[in-house]
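Notes to accompany the following structure.
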Amino acid sequence: MSRNAALLAPQAGAEVTLTRDDMGFIARLVYEHAGIVIREHKEAMTRGRLARRVKALGLTSVAEYCAFLKTAAAESEIPELINAVTTNHTAFFRERHHFDHLRKDVLPRLLAERGQRRGRIRIWSSASSSGEEPYSIAATARDALGSRSDVDLKILATDIDTDILEKADAGIYPAELFDRLPADVRPWLKVETVGRGEVRIVDDLRRLLSFKRLNLIEAWPMSGPFDVIFCRNVFIYFDTQTKAAILDRFVGLLAPGGFLYLGHSESLPQPHPKLRLIGRTIYERTP
Ligand SMILES: C[S@@+](CC[C@H](N)C(=O)[O-])C[C@H]1O[C@@H](n2cnc3c(N)ncnc32)[C@H](O)[C@@H]1O
């Protein structure tokens with residue numbers, strides 16, 4: 001390689017910062033399409049996440065990727081951009097108190113009420129990530145249901161990220177995750193071995209669930225009502241205005257007496273006339 005070519009070629013592992021303009025451009029796109037606020041100090045993290053797309057498209061830099069996003073041909077790239085920038089951290093039985101509340105205070109009452117009328121119980125995991133949250137709901141519900149077939153219980157699990165939804169739907173996880181679970185919940189979350197070091201959630205739990213792509217800031221196709229909505233650890237990425245608009249829509253879909261669970265560091269952007277705080281990040285929809 002000539003000296004000039006060597007100077008022009010991107011060096012392996014070279015870190016090229018996102019310019020202020022490109023960072024602003026990416027932040028605007030992500031906010032517009034997902035409601036996620038990317039702050040300026042997250043430049044290194046954002047650049048790291050975009051590197052995946054740079055490589056997949058055979059480009060050489062994030063600057064080139066930003067230039068591509070400005071072309072008309074880039075429309076189909078937007079979902080990939082969103083997939084790349086989402087934070088999907090989650091865990092089975094994360095924030096355990098919600099599952100305890102569901103098991104002890106919510107499901108027994110719903111089963112008593114609905115069982116007599118062969119009624120429906122509907123639960124929505126609205127930012128379900130790789131599935132640990134909705135499978136934990138399914139495990140809790142299955143334990144409460146036992147062999148009862150007098151109720152129709154279904155869990156809707158949605159996320160904006162199509163890559164993570166595929167993973168969630170497959171229901172395959174490293175076996176070691178299950179070894180670390182608290183001993184009492186371990187028997188509820190039933191799995192079968194599928195390969196070395198990997199297990200799959202059993203069909204008996206998977207059939208309670210359906211995974212769908214849903215963007216919380218766009219139109220929702222469901223009409224509800226839901227008895228419980230999990231919206232955990234996604235509000236932290238939204239601004240006040242986005243949170244307030246989504247909350248209003250949650251309230252519209254929640255059955256009176258239904259519950260909304262938020263993440264550990266989240267709260268309502270402002271008090272809501274139809275939501276009453278009844279426990280740690282647990283809100284009840286008032287009649
Ligand atoms: C940190 S994970 C939380 C997972 C789980 N709820 C929990 O608490 O363990 C946040 C999830 O929110 C999703 N998300 C971000 N923006 C979204 C939007 N506008 N609509 C739907 N999901 C979104 C991300 O794709 C990600 O999977």
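We count ligands from 1, going down the list as the structure has it; atoms in each ligand are counted the same way. Quick note: numbers below take in every heavy atom, side chains included, and nothing from hydrogens, waters or symmetry partners.
- Residue contacts with ligand 1 include Leu214, since one or more of its heavy atoms lies under 4.0 Å from the ligand.
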Side chain to side chain contact (heavy atoms under 4.5 Å, CB included) evaluation trace for Tyr283 with His272: CA-CA 10 Å; Tyr283 296 86; His272 194 287; over 6 Å; no
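- Ring geometry, His101 versus Tyr261: the interplanar angle exceeds 60°, so the pair is classed perpendicular (tilted spans 30 to 60°).
- At least one side-chain heavy atom of Arg103 sits less than 4.5 Å from a side-chain heavy atom of Trp188.
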Walk me through whether Lys212 and Leu156 qualify under side chain to side chain contact (heavy atoms under 4.5 Å, CB included). CA-CA 8 Å; Lys212 299 259 179 317; Leu156 172 67; 4.0 Å; yes
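- Regarding atom 22 (N) of ligand 1, its nearest protein heavy-atom neighbour is Ile160 N, 3.3 Å.
- Remark: ligand 1 and Thr90 share an N or O pair separated by less than 3.5 Å (distance only, no angle test).
- Leu216 places a side-chain heavy atom less than 4.5 Å from the side chain of Leu214.
- Those atoms of ligand 1 with a heavy atom of Ser129 less than 4.0 angstrom away are 4 (C), 27 (O).
- Close approach to Arg232 involves these atoms of ligand 1, each under 4.0 Å from a residue heavy atom: 3 (C), 5 (C), 6 (N), 7 (C), 8 (O).
- At a cut-off of 3.5 Å, with distance as the only test, no side-chain donor of Glu284 or Thr286 sits close to an acceptor on the other residue.
- Side-chain atoms of Glu133 do not come within 3.5 Å of backbone N or O of Arg94 as any donor-acceptor pair.
- Ligand-side atoms of ligand 1 in range of Val234: 12 (O), 14 (N), 15 (C), 16 (N), 23 (C), range being under 4.0 angstrom from any heavy atom.
- Using a non-hydrogen distance threshold of 4.0 Å, Phe230 does not register as a contact of ligand 1.
- Aromatic pair Phe211/Tyr135: centroids less than 6.0 angstrom apart.
- Ligand-side atoms of ligand 1 in range of Asp161: 25 (O), range being under 4.0 angstrom from any heavy atom.
- Proximity of Tyr261 to ligand 1, defined as any heavy-atom pair under 4.0 Å, is not found for any part of the residue.
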Side chain to side chain contact (heavy atoms under 4.5 Å, CB included) between Ile38 and Glu43: does it pass, once the steps are laid out? CA-CA 9 Å; Ile38 302 183; Glu43 187 274 328; over 6 Å; no
Could you walk me through whether Asp159 and Lys167 pass the salt bridge (Lys or Arg N to Asp or Glu O under 4.0 Å) check? CA-CA 12 Å; Asp159 202 283; Lys167 193 168 173 253; over 6 Å; no
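- The salt bridge (charged side-chain N to carboxylate O under 4.0 Å, His left out) search around Arg249 returns none, not counting sequence neighbours.
- Among protein heavy atoms, atom 19 (N) of ligand 1 sits closest to Ala34 O, 2.8 Å.
- Interface of Glu133 with ligand 1, defined as ligand atoms under 4.0 Å from a residue heavy atom, comprises 5 (C), 6 (N), 7 (C), 8 (O).
- Within ligand 1, counting atoms from 1 as listed, the ones closer than 4.0 Å to a heavy atom of Ile36 are 15 (C), 16 (N).
- The option with the heavy atom closest to atom 4 (C) of ligand 1, from among Ser128, Ala127, Ser136, is Ala127.
- Which of Asp163, Leu165, Thr242, Thr87 comes nearest to atom 26 (C) of ligand 1 through a heavy atom is settled by distance: it is Thr87.
- The Leu216 neighbourhood of ligand 1 comprises atoms 18 (C), 19 (N), 20 (N), 21 (C), with distances under 4.0 Å to a heavy atom of that residue.
- Atom 8 (O) of ligand 1 has its closest protein heavy atom at Asn233 ND2, 2.7 Å.
- At a threshold of 4.5 Å between non-hydrogen side-chain atoms, the residues Leu209 and Ser128 do not count as touching.
- In this structure, the protein non-hydrogen atom closest to atom 7 (C) of ligand 1 is Arg94 NH1, 3.2 Å.
- For ligand 1, the polar-atom distance check against Asp159 finds a nitrogen or oxygen pair separated by under 3.5 Å.
- Within the listing of ligand 1, atoms 24 (C), 25 (O) sit less than 4.0 angstrom from a heavy atom of Thr86.
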